[in-house]
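Please read the structure below before turning to the comments.
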Amino acid sequence: MSAKIIDGKKVADITMNLLKEDVENWVKAGFRRPFLKVVQVGNDPASTTYIGAKTRACQRVGIDTDTAHLPDTVSAKELKEAIKSFNEDPTVDGILVQLPLPSHLSAHDVIESIDHKKDVDGFHPMNVGRLTVDQPTFKSCTPAGIFELFNYYSIPVKSKHAVVVGASNIVGSPMAIMLSRENASGKATTTICHKFTKDLTSHTISADILVVAAGQPNLIKAEMIKEGAVVIDVGINRVADETTDKGYKLVGDCDYDAIKQKASWITPVPGGVGPMTVAMLMKNTLLAAKKSIYPLD
Ligand code: NDP
């Protein structure tokens, strides 16, 4: 079997074009253009790259944005004061604090200081909690993007055995919650694996849907998957490659070439899940502007 390719770039393009139309209709109806406030602490080059991609996405769909730059020496108190001012600013619809933060700052604390009604990353405990009880919420962007891909390609989820490798708060855990809980598009029987999982293969081999978000290149090999499985590779890893100008290439967590011969569907890296994550951030920002998740009292 040769897997069909899940083209995240194509689906993200379609999604972004629809969002652009939605934004323009919202503005034509007399409403203020949605506004996303990004907070960057320090100058981590990867963070700068990710913020650049998010800024370009905002420009493409017509969402206003700017980035507040704070030094990497900023105290927790100063950072939370800045966030408080954005929480209280009625012209700010969405707030995103780019992670990771310098080690003296607690990401948990900082995320909790964001008004959950403006938490367009979907990381605030209120939004994660609402996800868990299957209530309207800002869904974490990467899992939400993966569900858009399932929907676009009509990949069934209900009653399948889904295995998620990786249990982070931003990808693995919300992915597992959505796969298992969501009435609308989930309801898979779900297994979640992490570093302490014994005999990873004994779990991955029975997956109808395998979502891998561990950040470990080549973790999942063809012999670890079932014939015909749907394989979603979330990992983005830089590995040295002298044949490229940059001296590295991006790979996922899966042995793509070998797994492609055995899976029914597979996401490439790059061009699979990544573009969908940014598109879902745009969607959440528009939902925040429209007060769709948390209507005004
Ligand atoms: P984290 O490092 O926060 O989490 C990784 C998770 O994988 C942890 O739960 C960890 O277990 C688990 N893990 C690590 N090694 C193994 C292993 N050998 N076997 C089983 N589980 C393992 O990473 P993120 O969740 O933030 O990101 C994961 C990957 O996805 C990264 O490559 C990241 O770059 C990429 N990513 C891609 C996005 C996209 O849009 N495509 C968006 C976000 C992330 P434990 O909990 O026990 O430590």
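Order of listing sets the numbers, starting from 1, for every ligand and every atom in it. Note that the numbering runs from 1 along the sequence shown for the chain.
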Task: Criterion salt bridge (Lys or Arg N to Asp or Glu O under 4.0 Å) on K249 and E242, from CA distance to verdict - done: CA-CA 9 Å; K249 64 177 177 180; E242 297 308 324; over 6 Å; no
Open item on the list: Can you tell me how the ring of W26 sits relative to the ring of F31, calling it parallel under 30°, perpendicular over 60° and tilted otherwise?
Closed with: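 Taking F31 first and then W26, their aromatic rings lie parallel (interplane angle under 30°).
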Task: ring pair (Phe, Tyr, Trp, His ring centres under 6.0 Å) contacts in which one or both residues fall within residues 42-65, not counting sequence neighbours - done: none
Open item on the list: Given a heavy-atom cut-off of 4.0 Å, could you list the residues near ligand 1 in chain and number order?
Closed with: T142, V165, G166, A167, S168, I170, V171, H194, K195, F196, A213, A214, G215, Q216, L219, V234, G235, I236, N237, V273, G274, T277
Task: Atom NZ of K158 with >12 non-hydrogen neighbours under 6.0 angstrom - done: no
- [ ] Return yes if some donor-acceptor pair links the side-chain N/O of D233 with the main-chain N/O of T267 below 3.5 Å, else return no.
- [x]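 Between the backbone of T267 and the side chain of D233 there is no qualifying donor-acceptor contact (under 3.5 Å).
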Open item on the list: For N127 and Y294, which I'm curious about, is there any donor-acceptor pair between the side chains at under 3.5 Å?
Closed with: yes
